[in-house]
Every structure is written in structure tokens, then in C-alpha cells.
Enquirer: 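Below you'll find the structure I mean.
Heavy-atom basis, side chains included; hydrogens, waters and symmetry copies ignored. Numbered from 1 within each chain, the chains take letters A, B, ... in sequence-line order.
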Amino acid sequence: MDKTYQPHEIERTWYDKWEQSGYFKPSGQGDAYSIMIPPPNVTGSLHMGHAFQDTIMDSLIRHQRMLGKNTLWQAGTDHAGIATQMLVERKVAAEEGKTRHDLGRDAFIDKIWEWKEESGGTITRQLRRMGSSIDWSRERFTMDEGFYKAVQEVFIRLYDDKLIYRGKRLVNWDCKLHTAISDLEVENKDQSGHLWHFRYPLADGAKTADGKDYIVVATTRPETMLGDTAVAVNPTDSRYTHLIGQYVELPLVGRRIPIIADDYVEADFGSGCVKITPAHDFNDYEVGKRHQLPMINILDPNGAILTRAEIYNTDGTANSELDDRLPENYLGLDRFDARKHIVAEFEDKGLLEKIEDHALKVPYGDRSGVVIEPLLTDQWFVAVADLAKPAIEAVENGDIQFVPKQYENMYFAWMRDLQDWCISRQLWWGHRIPAWYDDCGNVYVARTEAEAREKYKLSHDLPLNQDNDVLDTWFSSALWTFGTLGWPEETDELKTFHPSSVLVTGFDIIFFWVARMIMFTLKFTDQVPFKKVYVHGLVRDQDGQKMSKSKGNVLDPLDLIDGIELETLVSKRTGNMMQPQLAKKIENQTRKHFPEGIDAYGTDALRFTFLSLASTGRDIKFDMNRMEGYRNFCNKLWNAARYVLMNTEEQDCGVHGEAVELTLADRWIISRLQETEAQIDKHFAEYRFDLLANTLYEFVWNEYCDWYLELSKPVLWDEQASPERLRGTRRTLVRVLEAILRLAHPLMPYITEEIWQKVAPLAGKQGDTIMLQAYPQAEADKIDPQANADIEWLKAVMLAIRSIRGEMNLSPAKEIKVLLRNASIEDQRRLEETRILLNKLAKLEQIGLLAEGEEAPMSATGLVSQMEILVPMAGIIDKDAELARLQKELDKLDKEISRLDGKLSNPGFVSKAPADVVEKERAKLREMQSAAARLRDQQQRIASI
RNA sequence: AGAACUAUAGCUCAGUUGGUUAGAGCACCACCUUGACAUGGUGGGGGUCGGCGGUUCGAGUCCGCCUAGUUCUACCA
């Protein structure tokens, strides 16, 4: 083995071997355990969030596989309607100078499929590098034929159950992408804007209370005034009550619109009068419905002013009574240009009362980055009220449990205030809506046109056209757990692996995905999609900032695995930017944070880092220093293995059950191994990967390496040692290491497999891979409290001696004598048990007891409970140094003694605290007082030299 | 505006149902290349647990208020 851990050397080959051997597939034996990967976007590449999430899933799956479960980890990607369409549109524009309309729908979709074949696999290749033990034979894509069947089936059944309806509604319209998007895809940003106060002349000679012939409305969006259909006031606002039912004459347009009363209006905001534009504002839309106001749409799909307004009645039917003409000078003007012109025209006409600065939230499309326009359009909706109820109950009654539990509140809060879900998108890429229309606009929903004719008993020659729209990507993602297992067929996979065992996901998509999955899955399978939802935090950069391309703080997990040069990293981060003006800033940041570029840390260290960061918080700040620490941990494990192999390979390790003698150290490490296994088991059950990683780290480094390996040396190097003793030590070295490897394998698959291949035979284990070995289980009868206590004593003595050495500046190479004063019978027994170890490890010339009444030589002193450790320092003692050392100890003790004293002289504590707590405190006090007395004695002796 | 989460060493984080002298890693200081490992070893320094109040014999831990940060939801035209 190499002297240092070289991740590249060992990670290269194992994955292919595992995959080719079919180890990732369900074994077909044992209870089922399944995880469906949250499908990453097919356009994407693996980011830190994925890598984090995948590490957790892989650890769970590998753990369960080793526990003998029939495990299925199924992966796939979603087609990401908007993102993919945009990407390919840009590509086609760049390469061929064509728009998708030039190509036509079918040809464009062919382009997308071509692109998907070429580069859609990026993320799955990266998943492999992470060591993810996914059953690739079951990889799914949401646009697969089979999956589309499930999507159609769901749509049709929901429609037939009247849970899907079509209607003209106000939706969030993206003027750039020309499609509706859901509330969840809208980002509201704070902006400073203006509040324009306009005068609306009163019609029919009406006057306000103070005698004016106009009222003032305020708006942040002047351009929408062309579509106003009322002015609203609060019914209790005495300034305006006499005007309710009167009319104003809408400036620029000349339309007569009523003054109505509605509680929505707050009298003390602005002028107390609100213009109502039902076709262009969600609040106004509601007001309009309450007052049966017509809806006047003035914008085209680009957000430009229409030549003729589209006017609808409250029920969505076309209104032909009202005048649909709009002022000609605005025709075709973009909404923001129109705004300027309209304001100017109000000013010209003397109708602009004032302009105020105003802070407001502006909705932006999270994909397109343009301002979202509420627009009246025909869309398909899922009526969610009936679906939500069982979905809420499933969490309430514990069929689905969130970990950590607090996220259930987030889920409930959203589910209890649910709006109908707009599922149609005006895109080409996606699942086309299985609905056909005749020329009269009647709707027929079926799998195919032929089926529609049959289902609705239509004649052959009735012309039918399929709906042009596609379904929201999240509609299909909602079927992920059962759609990927072959539903609506009743497949064996569906029976075996559904519901899935756990969903691992970030809290940011609880609404988008988790909630909708629960609703749909319950509706169609009468099963929950998963029994647990493990919600993890989001990976952030070293400053706690969200990682994003535009901030330039993204890290590619593969760069952490393989390493990257500074220059390459800089150009990677600043290349192909949406906002090139930020490039310089990003470059500087990058040079500051990674002056040397990034080292190669390997997959195992990266995984271990992710796991150790997976605590219950919402933010996971990624810390390169921590990863370096865990890379070092890999090296530690590697070198421990080297040591073990050097001492066991081609030696008698008792593989065939030969007689062995187990030393105290052997019994101790075996005992501690059981306790560690039990701890790890608990942490897995509670999804506390941080504690799990820590438990393993501690055991490997602080117990196995720091102590046990050291304790094994005096045995292995003792030429007098019996064969049984040697065999026992070798067997323990190898067996404990082998168990460590299995314990660690779900977290660090590569290094453990690599080492295990060499160690397993020496431990009497057979098998081609560690992946399929049994996960270590604690055996209670191997826990040995006596051995634990004895080794703790040994450690305490060693630490006391080392501390004296360290502080008295005694060279570690110098052999010293040690005397024990006031050693109990138990201390004496332990001394005999460990004498050889102490001599060797503490570099002692000798260690012995100071007889009762015997005068001690000048010594530095340490305490192990009541026993004094004396290191005679005749001639070389530094009086002041030793006095200072003793004083420091004493100060610490005295502080604690007075604290305990105070506690115990408090009558409240003595009478009310449980007796055992009081007794414990008393014992502690006694011990400390006596320790302090010993140190004071010693202090006097030294002082009197 | 409402809600949630977070606040513990210079940094990144643990700290179970309240009860050892509040821990780890990194960083820092000193010493050490010893036969697994300098990606290492040994010793050491460093914290009023965000602030104020309360409950309790006892609070990092429970409750209230405040401050700061993050996020979500809803928004007044």
C-alpha cells in the first residue's frame, strides 16, 4: 500500500466493477427498502445540493442493503419544461439562427430529443462519480413513453372525477416565455417605485364632500387604467358614501365606470379610492367577482397594449356590449412604455395629482427574469381542496412522518391554504394535454383522438384539434414514486417497492413537489408515496450565501473530488455568464477564497464532509477546512490499515479458530466496538448523519488508532509473547479493522472497499465485495465494563505522565521513573495488568509503588483520582515551573470546590434535589478537597527545597 | 404584517428527557521526524453559551420579551 492515501488510485475502478456485477440491483431477498431520487432537471449538472442529497441517499441505501434488505434506489431526471425548451431554443438560435417557430413544433421537439441524447446524461455520469449505488437499469425520465401513459391516465381520471377543469382565469403570465407559471415560480422582489395619484372626473356633475368634481385614485401601475371597470371605496368611509353608485368617467378612454363599496379598500391608505382592474390584478379580480364587474384585458401575450380590448363577463364569457376600443396612441406599446405615456398624458390633461416614492414588491419569473403579468387566459386547473384533505390526514395520523418534525408545520400551513393549481403551460416541450376541441370549443378528454370520438360518441368527420398546451412539469413529477414503477399496470415492482421508504429532499420543494406527490399518490394508489420525509438543509458557501451561478460562488462537487487549478476555476465561474458585468467581482472573490485553487480530496472525503454537516439546521455552510480534515481522516484510516496489514499479512491471525489469548486491550477495543456499533445504529435510525460521522471518526481515530494500535505494539514487539497472545492481538487488530470498514462503508464506499479486499481474508471473511457484507451489529455480551474501566485508568495515568513531560519540558525520548503514592488495591491490580504497556508507551525506565511512610524524592506530581503520580526529578526539577503548574491545578480545583460548597450548603438543593444527585455532588466535593490537599502538600515540599 | 429557523471558542459545528469542571474539528502557541501516518504525534491557551427577565434547589437546555441574521408566506392600490 502507498504511504499516503491517494483517492484517485482507488476510486477509478470500483464503481464500474460494482455496477457491472449488478450489485446495485434489488437482491430479491428480504424486506423491501426503496428510495426514489428526487429527479434532477435534465438540463442540469450536479451541484453541491445534489451531491449532498445523493450522499445521504446512498448512505441509507448501502446501509439497508448491508442489513439484508431488498433495496431499490431508483434514479431519473425530469424534463424541466421551461428550462429545457429555453436551452434548446438558444442553442438552435445560435447554431442555425432559427426560432422554434421557424422549425415548427415537431421538428423542434426532435431537436430537444437530440440534445437530450447528447448531453442529458451529464448528471447521471456525475452521480456515478459520487459512488451512488443506483439501479441504473431502472433509470427513468419523465418524458418516457411509459411515464407519459401514467401522466395521461392521471389527467383523464382527474378530469372525469371533475377534479380538473378548464377556465378563463387570471394567471401569472410570463411575457417573455409566453406561458402561465405557478405562484411558486414567481419571485417577489422588493423594489422602489412610485405611487401615481390620478384624478378621475366624476360623471353626471357629482361632487365630492369637499366640493371637487373628481376623485383621486392612486396606482403603482398606471398602464392598467385602460382596463379599469370600477373605482372602489370603503363602505364606511364617510367622505365617499354619497358617491357610491355614482360613476366616474375614465380619463383617456371615456368609459363610464361605477363607484362601488368594498371592504378590501382601506380608507386611510392613499386617497381611500382604488381603481379596480379585474383583468390585471389578483385583488381586483376578486373584487370584480364580488361585484359582477366585467373584465377588460388590454394586454397581448407580449405585455403590449392591444388594439382592441378583450372584454369578458364575470363568468368568463365574452362580453359584446361594452365598447372595446382603446386609445389609438397606445396600440402595440410595451407595458412600460405605455406607463410613461399614460402618466404624461394625465399630466398634460391636468389630471396628475402627485407622484410619491413607494416601496413595492414586483413579481418576477424565476426562469425568465422578466416582470410577471397577471393575465386572463384559458388554463387548466386542478381543484385541490378534495385532494388536500387526505394528504393532510396522512401526515396528521403519522402515515407519513417528517424528519425533523418541525417541517410538518410548514406542510400543514401550506396545505390548509391551498389555491387551485394551474397545470397548463404554453410550451411545446412536455406532456401534451390529452384534450381535443371541436369547432364550437367543446372539450373531449381521452388518451387519443380516436378514443375521444368513441368515449364521447362523436362522428368520424367532426373536426377535432388537440389542445396545444402541455402540463406543468411538477404535474408529472407528482407521480414519480408510482409512475416510475409501472403504474397504471399492477407490476411486481409496484407491489414490492411502493410506498417507498423515505424521501430525501430539501425544504425548498416541500410545496412544489412533496405536497403534490402526497396528494396524487393517495388519490391513485391509496398509498402514501413514502413513509418518511427526511428534510435536509441547503448547502451554502463559506459566508452562508446561497450558491448560484450569478453570484459566482458555485462549486462543482467533481472539482472537490478531482481538484482544480485556480485559473480553470476562475474561467469556469466567469464563463458563459448571464450578467458579464459581474465577472470581475467573481474573479476577485474566487482568487481570494481559493488562492491555490482546490486540492483533490476524493469522493470519500467529500461524502464524509457532507454527512458530518447534515445536522438538523436549515443552512449547511460548506467548509473546505472541514473537508481537508476528513481527507486526513481517510489518510488515518489508510495508514491504520497499513499498520495492521504489515503486522498480520502472512502471519497467524487465528483465522481457523485457533486458540487465542485476548489481552486487556483486545477486550477493551472489542467492547468499545460494540458500543460504537450501537451508537451508529441509533444515529442511522434518527437520520443524524452528523453524529454518525462523528461517532465513527472518534472511534477510528481516538480509540482504535490513538490507543489500540499503540497498545498492540508492546505485544507484537515482545519476543517473549506466547503464540496465543500474538494470535489474539493480530486477530483483534484485523477483526476490528474489518468491522470498522463495514461500519464506514455506507459513508465512504471506495476506501473501505479497497482496504477491505486486503483485510477481509485475514479476518476470515469471504465475499467479492464489502457492499454485500452484513452490517456490523452490536453484541451486548462483548461489552466489558471492567476492561473499559481498566483502560480508562491506563489512559489517565498516561495522560498525567505526558502532561508532566510536556509542561516540564522533558524530552519524549528520555526514559523516566514513576512512583505511585496512595495507590489503592484496585490501582495496584491495574498497575500489574498494564505495567508492560505503561513502560513501553510512556517510555518509563520503571514504575513502582511508593511504600507507606516512605519519603518521596523530589518529584513533579499528577493525580489520578486519589492516586498520586510522582515523576522524580532530582537535580533537574525546575522549581518555579513545577510550582506554577501545581498552582494552576489548584486554582482550578479551588474554584470548583467553592462552587460545590455553595451548592451543598444551599438547603434548597439538599432537600429538593434527588438524593443520588446530592450524593454525587458530595462525593465529588470530598474527592476534590482531598486532591487539593495533596497538591498543597506537594507544593510545600517543592517550595521548601 | 405574520410565521418559522438560527444565535455556543477566531472559524465550521455537536451538546439527547434541565443535574460531571460546556465538547469536537480546523486555526493558534510550544515541543517532537519515534519502526502505520508530518494528510502525523504530544502538551497547551482560548467560551459571561446574542441580551434582559421568569420558572426551578439547579438553565446552554424550559417560558416570555428584546436584538441580530436567514428564509417562507401574505401583502395597501
Enquirer: Please work out if A/W414 contacts a base, only the sugar-phosphate, or nothing of the nucleic acid, heavy-atom cut-off 4.0 Å.
Expert: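 No contact.
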
Enquirer: Check every strand shown and say whether A/K843 touches a base, only sugar-phosphate, or nothing at a heavy-atom separation below 4.0 Å.
Expert: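 No contact.
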
Enquirer: Ignoring hydrogens and angles, answer whether the base of B/rU42 and the side-chain atoms of A/R802 contain a donor-acceptor pair closer than 3.5 Å.
Expert: no

Enquirer: Under the 5.5 Å and 30° test, is A/F507 stacked on the base of B/rA4?
Expert: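 Whether judged by distance or by angle, A/F507 falls short somewhere, so it does not stack on the base of B/rA4.
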
Enquirer: Select from A/Q545 and A/Y630 the residue whose nearest nucleotide in RNA chain B is closer to the 5' end of that strand.
Expert: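 The residue closer to the strand's 5' end, by nearest nucleotide, is A/Y630.
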
Enquirer: Does any donor-acceptor pair link the side chain of A/E807 with the base of B/rA30 at a separation under 3.5 Å?
Expert: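 Not at all, since no donor on one side and acceptor on the other fall under 3.5 Å apart.
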
Enquirer: Can you build the contact string for nucleotides 8-20 of chain B? Use B for base contact, S for sugar-phosphate-only contact, and - for no protein heavy atom under 4.0 Å.
Expert: ----BSSSB--BS

Enquirer: In dot-bracket form, 5' to 3', how is RNA chain B paired? Count Watson-Crick and G-U wobble pairs only if both distances fall under 3.5 Å, and write | where the partner sits on another strand.
Expert: (((((((..((((.....[...)))).(((((.......))))).....(((((..]....))))))))))))....

Enquirer: How many whole angstroms separate atom CD of A/E649 from atom P of B/rA36?
Expert: 15 Å

Enquirer: Ignoring the backbone of A/K888, work out which of B/rG25, B/rA77, B/rG44 is nearest its side chain.
Expert: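 Out of B/rG25, B/rA77, B/rG44, the nucleotide with an atom closest to A/K888's side chain is B/rG44.
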
Enquirer: What's the gap between B/rG25 and B/rG35 when it is taken at their C1' atoms, as a whole Å value?
Expert: 29 Å

Enquirer: From C-beta outward on A/N635, which listed nucleotide comes closest to its side chain: B/rU39, B/rG41, B/rA36?
Expert: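 Per side-chain heavy atoms of A/N635, the pick is B/rU39.
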
Enquirer: About how many Å separate CZ of A/R642 and CG of A/N635, when rounded to the nearest 0.5 Å?
Expert: 9.0 Å

Enquirer: So that I can tick it off, tell me whether A/R290 and A/D262 are bridged by a salt bridge, with the cut-off set at under 4.0 angstrom between side-chain N and carboxylate O.
Expert: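 Salt bridge between A/D262 and A/R290, a charged N being under 4.0 Å from a carboxylate O: yes.
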
Enquirer: For nucleotides B/rU6 and B/rG50, find the distance between their P atoms and express it as a whole number of Å.
Expert: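 The answer is 12 Å between these two P atoms.
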
Enquirer: Would one find a side-chain N or O of A/W701 under 4.0 angstrom from OP1 or OP2 of B/rG41?
Expert: yes

Enquirer: Rounded to the nearest Å, what distance is computed from the CZ atom of residue A/R631 to the P atom of nucleotide B/rG40?
Expert: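 So the CZ-P distance, A/R631 to B/rG40, works out to 8 Å.
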
Enquirer: Can you tell me how far C1' in B/rG51 sits from the matching atom in B/rA7, rounded to whole Å?
Expert: 11 Å

Enquirer: State whether A/Y697 and A/K636 meet the cation-pi test: NZ (Lys) or CZ (Arg) under 6.0 Å from the six-membered ring centroid, and within 45° of the perpendicular axis.
Expert: no

Enquirer: I'd like to know if A/K636 reaches the base of B/rC37 with its side chain such that a donor and an acceptor end up less than 3.5 angstrom apart.
Expert: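 Check passes, donor-acceptor contact within cut-off.
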
Enquirer: Using a heavy-atom cut-off of 4.0 Å across all strands, would you classify A/E710 as base, sugar-phosphate, or nothing?
Expert: base

Enquirer: So, do A/M627 and A/F608 sit near enough that their side-chain heavy atoms are less than 4.5 Å apart?
Expert: no

Enquirer: Measuring to OP1 and OP2 of B/rC37, would you say a side-chain N or O of A/N632 lies under 4.0 angstrom away?
Expert: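 False: A/N632 side-chain N/O out of range (4.0 Å or more) of B/rC37 OP1/OP2.
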
